[in-house]
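Since the model is a prediction, treat every value here as computed from it, not as a measurement. Chain A is the first sequence line, chain B the second, and so forth, proteins listed ahead of strands; every chain is numbered from 1.
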4 protein chains.
Amino acid sequence: MRIGCHGLVWTGTYDAAGIRHAVQKTKEAGFDLIEFPLMDPFTFDVAAARAALDDYGIVATGSLGLDESTDVSSEDDAAVRAGEALLERAVDVLAELGAEHLCGIIYSAMRKYMEPATQRGVANSQAVIGRIGERARAAGIKVSVEVTNRYESNVLNTARQAREFAAATGSDNVGVHLDTYHMNIEETDMFNPVLDTAELLSYVHIGESHRGYLGTGNVDFDSFFKALHRTGYDGPVVFESFSSSVVSPDLSRMLGIWRNLWSDSDELGAHANAFIRDKLVAMASTTHH
Amino acid sequence: MRIGCHGLVWTGTYDAAGIRHAVQKTKEAGFDLIEFPLMDPFTFDVAAARAALDDYGIVATGSLGLDESTDVSSEDDAAVRAGEALLERAVDVLAELGAEHLCGIIYSAMRKYMEPATQRGVANSQAVIGRIGERARAAGIKVSVEVTNRYESNVLNTARQAREFAAATGSDNVGVHLDTYHMNIEETDMFNPVLDTAELLSYVHIGESHRGYLGTGNVDFDSFFKALHRTGYDGPVVFESFSSSVVSPDLSRMLGIWRNLWSDSDELGAHANAFIRDKLVAMASTTHH
Amino acid sequence: MRIGCHGLVWTGTYDAAGIRHAVQKTKEAGFDLIEFPLMDPFTFDVAAARAALDDYGIVATGSLGLDESTDVSSEDDAAVRAGEALLERAVDVLAELGAEHLCGIIYSAMRKYMEPATQRGVANSQAVIGRIGERARAAGIKVSVEVTNRYESNVLNTARQAREFAAATGSDNVGVHLDTYHMNIEETDMFNPVLDTAELLSYVHIGESHRGYLGTGNVDFDSFFKALHRTGYDGPVVFESFSSSVVSPDLSRMLGIWRNLWSDSDELGAHANAFIRDKLVAMASTTHH
Amino acid sequence: MRIGCHGLVWTGTYDAAGIRHAVQKTKEAGFDLIEFPLMDPFTFDVAAARAALDDYGIVATGSLGLDESTDVSSEDDAAVRAGEALLERAVDVLAELGAEHLCGIIYSAMRKYMEPATQRGVANSQAVIGRIGERARAAGIKVSVEVTNRYESNVLNTARQAREFAAATGSDNVGVHLDTYHMNIEETDMFNPVLDTAELLSYVHIGESHRGYLGTGNVDFDSFFKALHRTGYDGPVVFESFSSSVVSPDLSRMLGIWRNLWSDSDELGAHANAFIRDKLVAMASTTHH
C-alpha cells in the first residue's frame, strides 16, 4: 500500500518549478507518492515531472475534474469528444511518468450542476470511460471514477452508483475511487461503501470533513480504515486538503475554498502522513482481536 | 422547546392548497411547528396559511435563501436594496402569521459562489441584517442567520463566523441558526459550535448528512443534542430533509438534490418527530448521570 | 424480528406476582417479547409465567448466568454436572413456555474471575453446551452463548472467540449472542463483530455503555444496526438496562450496579422500544441509498 | 503538557532492573514521563528509580490501587489507617523522585466490590484523601482521584462524583483523574466530563476501550482531545495499556486481562506516543476554525 499526497497541498502553480517543489515537499513529508493535478494534461510538463520524481524517488498518479467544455456526461457531442481527447492525453502523460493510476471526476464536469444528469449523458460518459479504461490498461494504468458529493457532480454521489457505473463501462480496468470527504456527506456510513465496492475499490482519498487537518473534523476515519483492513485493500491512500492559503485558479473556487484551515503545509503534510501510517499500524494489530 | 418540520418535506408547491396540505401533514406527523419556505414572500398566501395554522393548531416560522437579484452581500446596491425589501416583506408576512422566527440564508444568496465574499459585500449584509433585526424585534420576531456549507454561501460557514457576524450587525435581536447537515461538513465537531454560540443560538435545523432519514447517515446527533442539553437551548428544533421525490423548483436543484432518499413523506416525518422527541427524553434522563 | 425487554427492567423479584408484573409492563411498553431471568430455573413459576404470557399476548425467552457452584467452565466435575443439570432444567422450562431461545452466560459463571480460564475448563464448557444445544434443538429452542466483558466472564470476551467456541461444541444449534454493552468494551468496533459472526448470530442485547437510557452513553448504536441490516439479522433484539432503582439480589451486585441511572421504568422501557423500532425504520430506508 | 506512559506497558516486575528497563523503554518510545506503579511503596527501589530517571532524562509520576487490607473507604479502622500509611509512604517516595503527581484508585480498594460503598466508608476515604492532599502539597505533589468503572471501585464511577468527592476532602490540592477507558463505560460522552471537571482536572489516562492499541477500539478520542483543548488542560497525558503478554501479579488478574492484545511493547508504545502528540498538533490547528 502506497501513502500519497495530493499536489495542491503544496502549490497552486503547476509549472516546472511548481512540480519540482511539490514533489520535493511530498517526499520530505514522508509520502511515497504524489497525485498530480492534470486539469490540463496538454500543457503538463512531463519532463520536469519525470526528473523530479526520479530525483526524489517517489511515484506519481494523476487526477482531474473535467469542465463544461470537456464534459463527457453532457449531450453535446463536441464536449464529449473534447473530454475524451483530454482523458486520452492524461493517460499518455501518466504512461510517460510510469504512473499506475488515473482518477478523479473524469466522468463529468467538476462543478455544481443545476440539472440532474440525463440518461443519454450518462451513457455517453460510460462509453468514454470504458474506452479510456481499455486505453489505460494497455499502458498499465488503472482508471478509477471518484465518487463525489452532490455539489461537485450530479453523476456519481454514492459507492453503489459507482459500482453500477463501472460495470456499465464494460471495461474491467475501471474501478471505484472513494474519498472520505465526499463519503461523509453522501454515504450511509464509512463502512458499508467499502464493503459495497470491495474488489472494485482501486483508489482512496483521505480528506477531513472541512478539508483541513485530519482529525479536526467530523469524518469517522477509524470506521473507514477498519473497513479497508477487513477487505484487504492495498491500493493508493492519498491525502487531500485545501485551504485558502494555497490557491489553484482551476480548482479552489469551484470547490468553495473560502477559509484558511491551515497555513503551514509542511506541518500539515507530515501530520497527515503520520496519521495515515499510524492507522495502518493500529489496523495491523487488530489481528490479535 | 418546539419541534418542527420544514414545509418542503411535504410538497414543492406553495399555493393555498400546498400550504394547507403541508400544515395538515406537519400536524399529523406530530410536530408543533411548520417552517414555511418564504422564497417569495410577496406572493405567499398569508390568509391561507393563517387559516390552515388555526385549523390544525400549530405555529409557523419562516425561512428563505436570497438569490443573485436580492443578494444583500453583493456590492451591487440595487441587489442589496431588493434583498432588504424582500426581507422586510418576509418580516411582515411572519408578523401576520404570529410567527416568532425568521431564519435561513438571509444574509447572502443561497448558491454556489465562484468568488469569496468581499469586505464591502459583507458590510452591506451586516447593515441590512441589523436593520431587519430591529424591524423584526418590533414585531416580536427573532432573526437568525443560518450557518451553511461552502457550496450554499461564501459568507457564513462556521458558528464562530456567525457569532462575529451577529455582533457586527449591531442588533441583539440577531441570533445564530445552526443546521446539523452543514455543521457535519464545516465544523470541528457537533459539540463546540453549540458552546461557541451558547446564548446566541436561536434556531436549529436537524438534517442528516445526505438530507434523508435521520440516523441513516454520518451526523453525530447524540453529541449535538448533548451540547444543546448542556447549554439549556430551548428554541425551535426543526427537521429538514430533501429528496428528488418532492421537488421545489426554487430550491432542489440549487441544493443538488439528485437522489431519491425517501418516497413516503408520512413515514419520514413521523420518524423524524419521534427521533427528535426521543433524544430529548434521553437527554432529560442524563440529570441522573 | 421481535423486539423485547429484559425482565429485570421491571422488578427484581421473580415470584408469580413479579412475573405477571414484568409481563404486563413489557407489553404496555410496546415490546413483543420478555426475556425472563432464569437464574434458578428449578423454582421458576412456569404456570404463572405461561398464564401471564397468554393473557398479555407476548412471547418469552430465557437467560441466565451460572455461579461458582454450577460453573461448567471449571475443572470441578461436581460443578460442571450441577451446571449441566441447571441448564437442562432451563431448557425444559423454556419448552413449557413455548420459548425459542436460551441465552446468556451459560458457559461459565457470571462473575469477576481472578484467574484465566483453563483449557480443560473450556473443554468442559464446550461439551456441556454442545449437549444442551442438542437437547434444546429437540424442543425447538436455539441456544446462544453471550459474549461478555472481561469482568463478567473469562471465557468469551469477543465475537471471534464465540465463533470458535460455538464450532467446538459440535452442535449447530449453538449460536452467538452479542450485547452492545459488552461489545463497547471488548470489540474493535460495532460493525466487525456482526460480520464476523454473520449467520451464527442468533440473539442480540441492546444496552447502553452505562446500562441506562439508550442514547445517553457511548455505544455506537447506528453502526451496530447498520451491520445487522447488512447481514439480514432477524432474531430477537432485546433491551437490557440496570439501575439501583430496581435491584435483583442475584444479579445487581455481581454487575456492579451502584448508581441510579433511571427511576421511571415505564418511561425507560417505552423509550427503548421506540428507539429500537425507529432504528429499524431508518435502516429499512437505506435500501434507497 | 507532558506525554507519558504507564510503566506496566514494559514489564510486570518492578525491581531495580525492571524499573530501569521501563524507564529506558519509555524514553526510547518518545515519552516525557513514566508513571510508576506504586502498589507497594514500602519496597519500591527509590534509588534505582532516581538513577534511571536521571540517566534517561524523563520525569516520573506515581499511581496505585489499594487492596482490601488498605481500603480507606472501608468501615474497618485498621484498614483505613493502613491505607493512609501506605499513601503517606507513596507521597514520600514521589517527593524523593521529584515527582509532581500521585493518582489512581487511592480512595478505595481496586477490586470488584460485592456491595455498594457506605456513607461512613466514603467519609473515611474523603478524610484520608484530604490529609494526603495536604501532605502532598507540602512536597509539591498534586493528588488526583481516578474515576474508574464499576468493576474496579464502587466509590467513584463518574466525573461528577469525583468533583463532589474532591470538594468534600477539604483540600484544594485534590484534583480529578479521568481515564478514557473508564469514561467509555460510565460517562455520558467524552466531552461533558471534561467540561464538568474543568480546572479540577489534574491527570489524564489515555486507554483504548479494550486497553490495547489506541485507535483499535470504541473510545471516541477525538471528542476527548477536543474537550481538553477547549478547557486548556495542560497536565500529564499518560498512555495505559494491558495485555496478557506483560503480566503484573498485582494488577493483571484484578483487571481481567485475559487476552493478548499486543505482543510488541516497543511498537505499541511508539504508536501511542505518536497518536497522542499528533492529536495535539491537530487540536492546535483548530484555532483556525
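- Interface remark: of the candidates T216(B), I185(B), D189(B), I185(B) forms the most heavy-atom pairs closer than 4.5 Å to chain A.
- When each of M190(A), R259(A), Q161(A), E187(A) is checked for heavy-atom pairs under 4.5 Å with chain B, R259(A) comes out on top.
- Counting heavy atoms of neighbouring residues, nucleotides and ligands inside a 6.0 Å radius, atom CD of E68(B) does not exceed 12 of them.
- Relative to the ring axis of F165(B), R163(B) does not place its NZ or CZ within 45° and under 6.0 Å from the centre.
- H182(A) pairs by the ring-ring contact (aromatic ring centres under 6.0 Å, His included) definition with nothing, not counting sequence neighbours.
- Taking the ring centroids of F221(B) and F275(B), they lie under the 6.0 Å cut-off.
- Most heavy-atom pairs under 4.5 Å with chain B, from the set G217(A), S223(A), A117(A): that is G217(A).
- Both the backbone and the side chain of N154(B) come within contact range of chain A, each with at least one heavy atom under 4.5 Å from a heavy atom of that chain.
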